[in-house]
Every structure is written in structure tokens, then in C-alpha cells.
Amino acid sequence: MQDVSSRTTSVTQVLIATLLIVATLAVADGIFAPIAFALFILALVWPVQVRLQKSLPRIVALLITFLVVAAVVLALALLTAWSFSQVARWLVADASRLTQAYESLRLWLEERGIVLAVLWSDNFGMSWILRVTQTLGGRLNSTFSFWLVALVYVLLGLLEVEDFAKRLKSLRNAAIGNMFLQGSRLTAAKIRRYMVIRTAMSVITGLLVWAFAKLVGLPLAEQWGFIAFALNYIPFIGPLVATLLPTLLALAQFDTWGGVIALFVGLNLIQSIVGSYVEPRVAGSALSMSPVLVLFSVFLWGYLWGIFGAFIGVPISIAVLTFCSQHPSSKWVSDLFGLQAPEKA
């Protein structure tokens, strides 16, 4: 009986500690989110600096690595902001046609007694959709401060990685130091593989969406292709948004509902084939995670840190599960949610 009571107390303490950590991460998102993103970038680019240091002085290798990171981040941010701003401008310019299409759909539903159409009209409507689109574009254009802080952390991190590894090796408790060092190496290797696979699938998705939009005569085909590429990094939610937005534009562009439905089905087929058929076969089992955990990670970190949290939610879960697999007392967590046994980095 005493053992049961002791276990219950331990579980309660763990739950309370977890809730406190989550609350802290939410309240201090301006501090922790850039740090988490900087660690994510460090895991991706550290091998580049190591290779450069073999033939260049350390400071030169560091500056080259940092400038490459800054250039890639700036290019992606500008292209994403440009794509969404172009879509937002088109929606605003063609708001009257969209309103007419929406009203015809609402009347068609009301004639068939669907009360949800009235609720949609009262609470959302086309004005709500336009406001959301404009807000999204505005937020994408206002993320430079976040990136500036994150890039400063990246620069400092590139300076500290080697020294931090030496400090871990020199800890009195060598087992903890080795476990943390090995966990960090495995995490970085898994995150790099995850991002290589995700990037390849995003490129394929973006090209297919661009080609399909061109084929059916949808305006802004290049923008839709890049939006599909960018949003594909956010599992589940990103592909859904990348499908709904072009369908909204098609309401004003196409004269028949058949064309709109065909576009919606075509975009969903592209997302389904790439996400459900091609990607699992390319990724194999090395990064297998429970789909429930993937979806939970996207929603949890998206709720805590917004779009940046949704973007790195899965890498954070990969890191947590990899570190859990390093110790016998927590290995059951990685076994339960699908991450395989540790492998050499």
C-alpha cells in the first residue's frame, strides 16, 4: 500500500512539474522560443562549420556558416511574406466576386434547410476570412525581430558548442555528461535527417501544386507553389491551409462549382500522395513517431509559441524522445511513442 501511495505521489509531482514548465514556456515565449529555434538551427548547421574548420581558421568558418544561415533565413522569410502578401492583395482586390460566390453558396444551403450556413454568415463570412488573411500576412511581415534574436543566439551558440562539449566531458558525474553528449549528437543527427526528408517532400509538393495550378488556370500559381512548400513543414495543419486558400481563390476565379471541387480534390490528392505514400517510404522507420504525438506536438507548440512553435514542434518531440531513450528509467516513453532504439550518430 505504501508503494502505491509513493508512486501516486511521484506521478502527481511529475504532472505538476510538467504543467509548471508548460506554463513558464507559454508566459516567457519571447525568451524561450528564439533559444529553441537557435538550437534547432545549430543542430542543422554545426556539421557545416566542422567541415569548414578542417581547411579554414575557426573564426572564418564560423562567419561563413553564420552568413549562410542568415542568407537562407532572410530569403525564405522574404519569399514567404511576398507570397502571402500577393495572395492577400488579390483577395482584397477581388472581394466583391468572392462575396457573390459566398452569398450564392449560402442561399443554396439555406434553400435546403442547412442552418449552419446562417451561423457561418453571422459569425464568419467573407469579411472574417479577409481579416484573417490580412492578419496572417501582417504577422509574417513582422517576424524579423524574432529572427534577429534567434540569429544572435545562433552566433553565440556556434562560438560555444565546442567549449560546451568539453565541459560536459569534464563533469564529475561522467555518466550524466556522456548521456547528455550522446543524446545531443543523436538528436542533431535525427533532426538533420528529418529536415532533409521534409525539405525534399516540401519541394515535391510545391512543384506539383505549382504545375497543377498552372494546368487549371489558377492565378498566382508560383505563389501557391511556394506557400505549399513553406506550409508543408508544419504537419497536418500546413497542408490543410495550403489546400483551403487556393480553393477560396477558385470561388471567384471559376464559373462553376465543378471547377472549384475539382481543384480542391486535386490539391488534396497531391498532399495525400506525397504525405501519406511517398514520404513514409522515403523516411523509413528511423524517424517513426506516433501520428497522435506528431499532431499533439504541432498543436501544443503552436499554441505556446505560434507559427514558430508549430514549425519546430516535431523536432522538439524528436529531441525529447531521443533523450528519454538514453536512460533506462525513461526509455519506456520513446518505446511507447515509436522512436526506435538509439543508433550511432
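Nothing fancy with the numbering, it's 1 onward along the sequence. Note that the structure is predicted; figures quoted are calculated from it, not measured.
- In terms of heavy atoms, Leu304 sits closest to Ala26 at CD2-CB, 3.4 Å.
- In this structure, the side chains of Val161 and Gln49 stay at 4.5 Å or more apart for every pair of heavy atoms.
- Listed by chain and residue number, Arg167 satisfy the side-chain hydrogen bond (donor to acceptor under 3.5 Å, both in side chains) test with Glu160 (two or more places apart in sequence, or in another chain).
- For the pair Leu321/Leu293, a side-chain contact is recorded, criterion being any heavy-atom separation below 4.5 Å from C-beta on.
- Residues that satisfy the salt bridge (charged side-chain N to carboxylate O under 4.0 Å, His left out) test with Arg192, not counting sequence neighbours, are absent from this structure.
- Residues in residues 160-189 take part in these ring-ring contact (aromatic ring centres under 6.0 Å, His included) pairs, two or more places apart or across chains: Phe180-Phe323.
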Evaluate Phe32 against Thr24 for side-chain contact (heavy atoms from CB on, under 4.5 Å), listing each step before the verdict. CA-CA 9 Å; Phe32 291 107; Thr24 302; 4.0 Å; yes
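- Here CG of Leu168 is found 12.0 Å from CD of Gln182. Values are rounded to the nearest 0.5 Å.
- The aromatic rings of Tyr233 and Phe229 lie perpendicular to each other, with more than 60° between the two planes, well past the 30° mark.
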Show, in sequence, the C-alpha distance, side-chain angles and deciding distance for Trp46 and Glu162, and conclude whether the side-chain contact (heavy atoms from CB on, under 4.5 Å) test is met. CA-CA 10 Å; Trp46 176 245; Glu162 290 183 342; 3.5 Å; yes
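- In this structure, Phe212 and Ala262 approach most closely via the heavy-atom pair CZ-O, 4.1 Å.
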Walk me through whether Phe264 and Asn268 qualify under side-chain contact (heavy atoms from CB on, under 4.5 Å). CA-CA 6 Å; Phe264 181 75; Asn268 275 283; 3.3 Å; yes
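- Here the shortest heavy-atom pairing between Phe66 and Leu151 reads CE1-O, 3.2 Å.
- In this structure, CG in Leu67 is found 12.0 Å from CG in Leu74, a value given to the nearest 0.5 Å.
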For side-chain hydrogen bond (donor to acceptor under 3.5 Å, both in side chains), just list the numbers for Ser334 and Ser325, CA-CA rounded to whole Å, side-chain angles, deciding distance to a tenth of an Å, and then say yes or no. CA-CA 6 Å; Ser334 62; Ser325 69; 4.7 Å; no
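- Residues passing the salt bridge (charged side-chain N to carboxylate O under 4.0 Å, His left out) test with Lys214 are Glu222, sequence neighbours excluded.
- The two residues Gly313 and Ser297 come nearest to each other via the heavy atoms O-CB, 3.6 Å.
- Phe37 is listed as a side-chain neighbour of Phe146, based on a closest heavy-atom distance under 4.5 Å.
- Checked against the 6.0 Å centroid criterion, the rings of Phe311 and Trp305 do not qualify as a close aromatic pair.
- Taking both residues in full, the closest heavy atoms of Pro235 and Val294 are given as CB-CG1, 3.9 Å, listed atom of the first, atom of the second, then distance.
- The neighbour count for Phe236 CZ, taken as heavy atoms of other residues, nucleotides or ligands under 6.0 Å away, is above 12.
- Scanning all heavy atoms of the two residues, the minimum distance from Thr80 to Leu76 falls at OG1-O, 2.7 Å.
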side-chain contact (heavy atoms from CB on, under 4.5 Å) evaluation trace for Trp301 with Leu25: CA-CA 10 Å; Trp301 294 102; Leu25 291 174; 3.6 Å; yes
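- Atom CD1 of Ile237 sits about 8.0 Å away from atom CG of Leu240, to the nearest 0.5 Å.
- Looking only at side-chain heavy atoms (C-beta outward), Val45 and Leu158 come within less than 4.5 Å of each other.
- Applying the side-chain contact (heavy atoms from CB on, under 4.5 Å) rule to Leu56 yields the partners Leu52, Val60, Ile64; only residues at least two apart in sequence or on another chain are considered.
- Under the 4.5 Å side-chain heavy-atom criterion for ILVMFWY residues, no single connected hydrophobic cluster contains both Val265 and Ile270.
- Leu267 and Leu244 fall into different hydrophobic clusters, defined by Ile, Leu, Val, Met, Phe, Trp and Tyr side-chain heavy atoms under 4.5 Å apart, directly or through other members.
- With contacts defined as side-chain heavy-atom distances shorter than 4.5 Å, the pair Leu155/Leu62 qualifies.
- With a 4.5 Å cut-off on side-chain heavy atoms, Ile312 and Phe308 do not count as touching.
- Checked against side-chain hydrogen bond (donor to acceptor under 3.5 Å, both in side chains), Tyr303 has no partners two or more places apart in sequence or in another chain.
- Atom CG of residue Leu39 and atom OG of residue Ser184 lie 9.5 Å apart, to the nearest 0.5 angstrom.
- With hydrophobic clusters built from ILVMFWY side chains whose heavy atoms lie under 4.5 angstrom apart, Val241 shares a cluster with Leu263.
- Side-chain contact check for Gln271 versus Asn232: some heavy-atom pair is nearer than 4.5 Å.
- No single ILVMFWY cluster, assembled from side-chain heavy atoms under 4.5 Å apart, contains both Trp210 and Leu218.
- Between the CD1 atom in Ile318 and the NZ atom in Lys190 there is a gap of 8.0 Å [rounded to 0.5 Å].
- Residues Phe299 and Val22 fall within the same hydrophobic cluster, defined by Ile, Leu, Val, Met, Phe, Trp and Tyr side chains chained together at heavy-atom separations under 4.5 Å.
- Looking only at side-chain heavy atoms (C-beta outward), Val68 and Val48 stay at 4.5 Å or farther from each other.
- We find the CG-CG distance between Leu215 and Leu208 to be 12.0 Å, quoted to the nearest 0.5 Å.
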